[in-house]
Amino acid sequence: MDQTFIEILVERKRNTAAGILKIIGGILAVLFLLTVPLSFVFIFAAAAFGALAYYGYLQERVEYEYSYVCKELTVDKIMARSRRRTEASYLLEKVEIGAPEGSYHLDGYQNRNYAVKDYSSQKGGKTFVLYYEGSVKVILEENEELIQALRSTAPNKIFLN
């Protein structure tokens with residue numbers, strides 16, 4: 001029985017547009033609250049801009065955590081270093097193929113329409129691609145320990161080059 005347990009934390013490139021949205025939304029929310037607090041329209045606008053600022057706060061810093069346990073890869077999204085949400089769970093038995101981005105093993109999958117799930121850092125590093133159940137292309141940050149664990153479980157589906 002496979003008892004491998006691996007956790008990897010990948011910090012995504014900081015989203016500057018969300019940071020700007022956070023600042024502008026916060027400033028507008030405060031201004032609308034200070035102008036005419038008795039008017040319902042201004043209070044509603046302040047609440048809307050406050051919600052916009054909160055959304056920008058959550059999306060500014062995003063991290064992904066890959067957890068590999070017993071032939072299952074789980075990806076969690078951590079927003080603003082405080083809120084965690086499970087994005088997806090992938091069983092290794094349902095993976096069609098996995099290889100580094102640009103590998104010749106993936107050539108047969110290039111012209112197919114897949115829903116793309118990008119859990120990489122988007123900082124220009126090496127990425128690893130998994131094609132899952134014929135409908136999803138999963139992009140992960142390449143990590144030697146994780147890839148070796150995936151390959152030890154499914155050597156005919158996971159390629160190192």
Side-chain angles (χ1 to χ4, degrees), residues 1-26 48-161:
M1 184 170 195
D2 185 24
Q3 294 295 324
T4 306
F5 174 71
I6 298 173
E7 274 188 350
I8 298 163
L9 190 65
V10 175
E11 186 173 354
R12 186 166 252 193
K13 186 172 77 172
R14 204 163 176 176
N15 189 347
T16 55
I20 293 170
L21 182 71
K22 173 183 73 169
I23 293 169
I24 292 174
F49 283 120
L52 192 67
Y54 182 69
Y55 176 77
Y57 165 73
L58 289 178
Q59 296 300 319
E60 184 180 14
R61 286 187 174 209
V62 175
E63 298 172 330
Y64 289 107
E65 181 183 65
Y66 312 145
S67 300
Y68 177 70
V69 181
C70 297
K71 299 181 182 180
E72 182 177 8
L73 178 67
T74 305
V75 179
D76 292 342
K77 182 178 183 179
I78 303 169
M79 296 175 286
R81 296 184 178 174
S82 61
R83 295 192 60 197
R84 175 185 296 263
R85 180 177 71 201
T86 300
E87 285 291 303
S89 185
Y90 301 104
L91 294 173
L92 204 56
E93 291 91 28
K94 296 182 180 180
V95 170
E96 292 179 12
I97 191 169
E101 184 89 40
S103 174
Y104 69 92
H105 294 288
L106 301 175
D107 287 346
Y109 295 87
Q110 296 299 324
N111 294 328
R112 298 183 187 176
N113 289 331
Y114 287 98
V116 178
K117 303 290 183 181
D118 190 357
Y119 305 120
S120 67
S121 67
Q122 296 181 342
K123 293 181 180 177
K126 293 183 178 181
T127 57
F128 193 80
V129 177
L130 295 173
Y131 285 96
Y132 187 74
E133 284 191 324
S135 61
V136 180
K137 177 183 178 181
V138 180
I139 302 173
L140 304 171
E141 195 72 17
E142 190 169 306
N143 182 286
E144 192 65 34
E145 184 182 8
L146 176 65
I147 294 170
Q148 288 296 338
L150 293 174
R151 179 152 174 80
S152 68
T153 307
N156 57 342
K157 295 179 181 180
I158 307 297
F159 300 97
L160 301 177
N161 55 7

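For the single chain, residues carry numbers from 1 onward in sequence order.
- Under 4.0 Å is where a charged nitrogen must lie from a carboxylate oxygen, and between Glu65 and Arg84 at least one such pair does.
- Looking at Leu140 and Val10, their side chains never come closer than 4.5 Å, going by heavy atoms from C-beta outward.
- Residues Asp118 and Arg12 form a side-chain contact, since some pair of their non-hydrogen atoms from C-beta on lies under 4.5 Å apart.
- Taking Phe159 as the reference, His105 meet the ring-ring contact (aromatic ring centres under 6.0 Å, His included) condition, with sequence neighbours excluded.
- With sequence neighbours excluded, the residues forming a side chain to side chain contact (heavy atoms under 4.5 Å, CB included) with Ser82 are Tyr57, Ala80, listed by chain and number.
- With values rounded to the nearest 0.5 angstrom, Ser120 atom OG is found 11.5 Å from Glu142 atom CD.
- For the pair Thr74 and Val69, the minimum side-chain heavy-atom distance is 4.5 Å or more.
- Contact detail for Leu92 and Ala154: the closest heavy-atom pair is CD2-CB, 4.0 Å.
- Applying the side chain to side chain contact (heavy atoms under 4.5 Å, CB included) criterion to Lys13, with sequence neighbours excluded, gives Lys123.
- The ring-ring contact (aromatic ring centres under 6.0 Å, His included) check on Tyr55 picks up nothing, with sequence neighbours excluded.
- Across Lys117 and Val136, no two heavy atoms sit closer than the pair CG-CG1, 3.7 Å.
- Crowding of Lys137 atom NZ: a count of heavy atoms from other residues, nucleotides or ligands under 6.0 Å exceeding 12.
- Of the inter-residue distances, the one linking Ser152 atom OG with Ile147 atom CD1 reads 12.0 Å to the nearest 0.5 angstrom.
- Here the closest non-hydrogen pair linking Ala149 and Ile6 is CB-CD1, 3.3 Å.
- Contact detail for Ala53 and Gly26: the closest heavy-atom pair is CB-N, 3.4 Å.
- Rounding to the nearest 0.5 Å places CD of Gln122 at 9.0 Å from CG of Asn15.
- Heavy atoms of other residues, nucleotides or ligands lying less than 6.0 angstrom from CG of Asp107 number more than 12.
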Note to self: Show, in sequence, the C-alpha distance, side-chain angles and deciding distance for Glu144 and Arg151, and conclude whether the salt bridge (Lys or Arg N to Asp or Glu O under 4.0 Å) test is met.
What the structure shows: CA-CA 10 Å; Glu144 192 65 34; Arg151 179 152 174 80; over 6 Å; no

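- Under the 4.0 Å criterion applied to side-chain N and carboxylate O atoms, Arg85 and Glu87 are assigned as salt-bridge partners.
- Glu141 places a side-chain N or O within 3.5 Å of a backbone atom of Ser121 that can act as its donor or acceptor partner.
- With rounding to the nearest 0.5 angstrom, the OG atom of Ser89 is 7.5 Å from the CG atom of Leu73.
- Not a single salt bridge (Lys or Arg N to Asp or Glu O under 4.0 Å) links Glu7 to another residue, sequence neighbours left out.
- Counting heavy atoms from C-beta on, the side chains of Ile8 and Tyr64 never come closer than 4.5 Å.
- Taking Gln59 as the reference, nothing meets the side-chain hydrogen bond (donor to acceptor under 3.5 Å, both in side chains) condition, with sequence neighbours excluded.
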In residues 93-102, what donor-acceptor pairs under 3.5 Å come from side-chain atoms, sequence neighbours left out?
from   : atom 1 : to     : atom 2 : distance (Å)
Lys94  : NZ     : Glu133 : OE2    : 3.4
Glu96  : OE2    : Gly134 : N      : 2.6
Glu101 : OE1    : Thr127 : OG1    : 3.3

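- Other residues, nucleotides and ligands place more than 12 heavy atoms under 6.0 Å from the CZ atom of Arg112.
- Partners of Phe49 under the ring-ring contact (aromatic ring centres under 6.0 Å, His included) rule, at least two apart in sequence or in another chain, are Phe32.
- In this structure Tyr131 satisfies the ring-ring contact (aromatic ring centres under 6.0 Å, His included) test together with Tyr109, Tyr114, sequence neighbours excluded.
- Evaluation of the side-chain hydrogen bond (donor to acceptor under 3.5 Å, both in side chains) rule for Ser135 yields no partner, not counting sequence neighbours.
- Distance check, rounded to the nearest 0.5 Å: OG1 of Thr153 to CD of Gln148 gives 11.0 Å.
- Note that the NZ atom of Lys22 and the CG atom of Leu58 stand 10.5 Å from one another [nearest 0.5 Å].
- Although no hydrogens or angles enter the test, the distance criterion places no donor-acceptor pair under 3.5 Å between the side chain of Tyr119 and the main chain of Tyr66.
- In terms of heavy-atom proximity, Tyr68 sits nearest to Leu150 at CE1-CD2, 3.6 Å.
- Residues meeting the side-chain hydrogen bond (donor to acceptor under 3.5 Å, both in side chains) test with Glu145, sequence neighbours left out: none.
- Annotation: side chain of Ile158 is in contact with side chain of Leu130 (closest heavy-atom distance under 4.5 Å).
- Not a single side-chain hydrogen bond (donor to acceptor under 3.5 Å, both in side chains) links Lys157 to another residue, sequence neighbours left out.
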